[in-house]
Amino acid sequence: MTETVPDTIPRPGALPVASVQAQAARDKPLSSAAAVDLARRALAEVAAADAVGDHVAASYDAERLVTHLFDCAMPGYRGWRWAVTLSRPPRSRTATVCEVGLLPGEEALLAPAWVPWADRLRPEDLAAAGRAPGSTDSDTDWSAEGAGSGEVPWRWRR
């Protein structure tokens, strides 16, 4: 019986809930049209102009810290979002860029979780090779022939 774990942790590029967006909107220097333009200019430094789509949301992360999300328009990145985090010092009216990145949204295609090769190895994989990886044969000589003589340092013989 396999146990399924519910996917309760939202992906980093997921759209924030309305209350989080409303909280971000309260900080005018970080959520104004000028702040969105600043975020878009920061993205222009790391991405092609046609790779950045529409502004989709602003997420309140902490006091004086807001992340703006933009759709990613690059081929192969459906569901991904550009994220630009802006901050401002206390009593300041000027936003500054903290971080720029590409985050997976709800519909983004992700690679499966990594599994070590020892756990992925199946019995039929061993049968095809004739032996398990790491096992040694007594008739195999793995020594270096001609090492230090200017020849090709390793010759494997069976």
Handout entry: Nearest-0.5 Å distance, CH2 of residue Trp80 to CG of residue Asp71
Key = 14.0 Å
Problem - His55 side chain near Trp82 side chain, heavy-atom distance below 4.5 Å - result: no
Handout entry: For the student: nearest non-hydrogen atoms of Met74 and Leu102, plus distance
Key = CE-CD2, 4.0 Å
Handout entry: Closest contact, heavy atoms only, Ala83 versus Leu69
Key = CB-CD2, 3.8 Å
Exercise for the section: Check for a donor-acceptor pair, side chain of Glu99 on one end and backbone N or O of Val84 on the other, with a separation under 3.5 Å. Expected result: no
Problem - Test: Arg64 and Asp27 ion pair at under 4.0 Å - result: no
Exercise for the section: Answer yes or no: is there a side-chain heavy-atom contact under 4.5 Å between Glu106 and Leu15? Expected result: yes
Handout entry: Side chain proximity check, Leu43 to Val100, heavy atoms < 4.5 angstrom
Key = yes
Practice task
Tell me yes or no: between the side chains of Ser87 and Thr96, is some donor less than 3.5 Å from an acceptor?
Solution key: no
Practice task
Check whether any side-chain heavy atom of Cys98 lies under 4.5 Å from a side-chain heavy atom of Leu86, and answer yes or no.
Solution key: no
Practice task
Go through Thr85 and Thr67 one step at a time and tell me if the side-chain hydrogen bond (donor to acceptor under 3.5 Å, both in side chains) criterion holds.
Solution key: CA-CA 4 Å; Thr85 302; Thr67 299; 3.0 Å; yes
Problem - Cluster overlap Phe70 with Val56, hydrophobic side-chain contacts below 4.5 Å - result: no
Handout entry: Euclidean distance, Glu107 CD relative to Arg11 CZ, rounded to 0.5 Å
Key = 9.5 Å
Problem - Check: Arg40 and Val52 side chains under 4.5 Å, non-hydrogen atoms - result: yes
Fill in the blank from the handout: Heavy atoms of Ala24 and Ser59 approach each other most closely as CB-C, 3.9 Å
Problem - Flag, side chain of Arg120 to backbone of Val115, donor-acceptor distance under 3.5 Å - result: yes
Exercise for the section: Could you check if a side-chain atom of His68 sits within less than 4.5 angstrom of a side-chain atom of Arg81, using non-hydrogen atoms only? Expected result: no
Practice task
Treat each ILVMFWY residue as a node, draw an edge where side-chain heavy atoms are under 4.5 Å apart, and state whether Val17 and Leu65 are in one component.
Solution key: no
Problem - Shortest non-hydrogen separation from Ala95 to Leu30 and the atoms involved - result: CB-CD2, 3.5 Å
Problem - Beyond-backbone contact of Pro12 with Pro104, side-chain heavy atoms, under 4.5 angstrom - result: yes
Handout entry: Connected via hydrophobic side-chain network under 4.5 Å: Tyr77 and Leu110
Key = yes
Exercise for the section: Over all heavy atoms of both residues, which pair between Pro29 and Ala35 is shortest? Give the atoms and the distance, please. Expected result: O-CB, 3.4 Å
Practice task
Work out which heavy atom in Ala25 is nearest to a heavy atom in Ser31; give both atom names and the distance.
Solution key: O-OG, 3.2 Å
